[in-house]
2 protein chains.
Amino acid sequence: MARTTGSHSDITGPRIQEAALRLFAQHGYAAVSMRQIAREVGVQAGALYNYTPDKQSLLFGLMQDHMRALLATWAAQPQGRDPCAALEAFTRFHIRFHLERPDEVFIAYMELRNLTPENHVAISDLRGRYEDALEAILKRGVAAGLFDVADTKIATRAVIAMLNGVNTWYRADGRLSQTEVETTYWDMVRKAVAPA
Amino acid sequence: MARTTGSHSDITGPRIQEAALRLFAQHGYAAVSMRQIAREVGVQAGALYNYTPDKQSLLFGLMQDHMRALLATWAAQPQGRDPCAALEAFTRFHIRFHLERPDEVFIAYMELRNLTPENHVAISDLRGRYEDALEAILKRGVAAGLFDVADTKIATRAVIAMLNGVNTWYRADGRLSQTEVETTYWDMVRKAVAPA
DNA sequence: GTCTATAAGGGGATAGAC
DNA sequence: GTCTATCCCCTTATAGAC
């Protein structure tokens, strides 16, 4: 980890983000010091400020990058017209995307209260857009008589909360494959929004 | 908030717990200082140590009290033999109990990583017992042919994750009453575990 | 039981040398 | 671009007066 003096602008930046991501996820934003991040990267604390104006921007950047990647990746998925197929695609996409990025997901959900008010609004806005994508599917399904939910807003949040739960217990070396988990959750989502 | 010197052992203890609860929930354990808690209570920081050996014990006590109250209150609910009625009772109980204690719930889920390893084990054990209560209901329902889930362990976690989500958006002055929310979630839970 | 004072250390962020 | 050194403030926890 220790390094000699020199210029490494092209690699230090990403390394700082990776170290901050892992440390924030493991110990929490407030519990991690800039000195700790610097030690992980192998530079002195002062050098971090060549890449970020302050600690808050480091957190905000990580959360914003994550939410933007989430929205962009979902937007790039093939979108069919059938609400049922769309809901299955969303379910499987959500689980897959989130299981691939446990640290980012953890931070995005746990560190909201450590954002400044302006940054909090920005992240909440991105999250709202993702929820809107799911709600649009549910609304189309309800309109087509394929789904039956009392309230599409609540159903949206219920489905996302349920799917987010996967990250708290799934282990790659566990007894179920990722695809089996996807199928199990899709089965419950499908039934939960189906007509009674 | 400011107070003059004197002895108030009977009221200071609870006031410290209340202040710590609210501050930990709002800003996070790591971001809250003992001085902040003391200021809220109206004593000097040193006085806190008459009531807790250290900051960690304060957090652990709050989480342990919450989990024990959760288990005890559930155990005191009338328990019927019908799995379907039991699942509805669990759903409504869970939402009601959690909406009544938003700060405790927030801490119990967000501050796990700030517990010492021994304390983490103790809280995880209590949480596991609560999950077991739900899983037992699901197992009885599956055995009776009333429910159909691919995996009772996953279904247990999925249901709890879904129900926990209520705390992130429900506001008492919102458009839905607590009972309406309970009914909406019960409808989704019921269908999610029903035979296909 | 609470206070004041203090120990011993860590925090974010900056300045200026190289 | 990184280092060393530093500013100034805050941290948990304890000691001893009252």
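Naming convention: chains lettered A, B, ... in sequence-line order (proteins, then strands); numbering from 1 in each chain. Atom set for the values below is all heavy atoms of this structure, side chains included, hydrogens, waters and symmetry mates excluded.
In this structure, of dA13(D), dC3(C), dA13(C), it is dA13(C) that holds the atom nearest to the side chain of Met34(A). Taking the side chain of Tyr49(A) as heavy atoms from C-beta on, and the options dG11(C), dG1(C), dT14(C), the nearest nucleotide is dT14(C). Closest to the side chain of Tyr51(B), out of dA13(D), dG1(C), dC3(C), is dG1(C). Counting only heavy atoms from C-beta on, Asn50(B) has its side chain closest to dT2(C) among dG1(D), dA13(C), dT2(C).
When atom types are taken as modelled, the side chain of Ser124(A) and the backbone of His120(A) share a donor-acceptor pair closer than 3.5 angstrom.
A ring-centre distance under 6.0 Å is found for His94(A) and Tyr130(A). Ring centroids of Trp74(A) and Phe90(A) are separated by less than 6.0 Å, placing the two rings close together.
Expressed to the nearest 0.5 Å, how far CZ of Arg96(A) lies from OG1 of Thr73(A) amounts to 10.5 Å.
Separating the CZ atom of Arg39(B) from the C1' atom of dC10(D) is a distance of 11 Å, rounded to the nearest angstrom. The distance between atom CD1 of Ile16(B) and atom P of dG1(C), rounded to the nearest whole Å, is 11 Å. Atom pair Leu48(A):CG and dG1(D):P shows a separation of 13 Å (rounding to whole Å applied). Taking atom CD1 of Ile37(B) as the reference point, atom P of dA13(D) lies 10 Å away to the nearest angstrom. Between the C1' atom of dG12(C) and the CG atom of Leu58(A) lies a distance of 13 Å, rounded to the nearest Å.
For the pair Thr12(B) and dG1(C), the criterion of a side-chain N or O lying under 4.0 Å from OP1 or OP2 is not met. In terms of phosphate contacts, Ser33(B) brings no side-chain nitrogen or oxygen within less than 4.0 Å of OP1 or OP2 of dC10(D).
Residue Arg35(A) places no side-chain atom within donor-acceptor reach of the base of dG10(C), judged by atom type and a 3.5 Å distance cut-off alone.
Comparing Gln44(B) and Gln36(A) along DNA chain C, the residue whose closest nucleotide (by nearest heavy atom) sits nearer the 5' end is Gln44(B). Mapped onto DNA chain C by nearest heavy atom, Val32(A) and Ala47(B) fall at different nucleotides, with Ala47(B) at the one closer to the 5' end.
Seen from the ring of Tyr109(A), Arg127(A) counts as a face-on cation partner, given the 6.0 Å and 45° thresholds.
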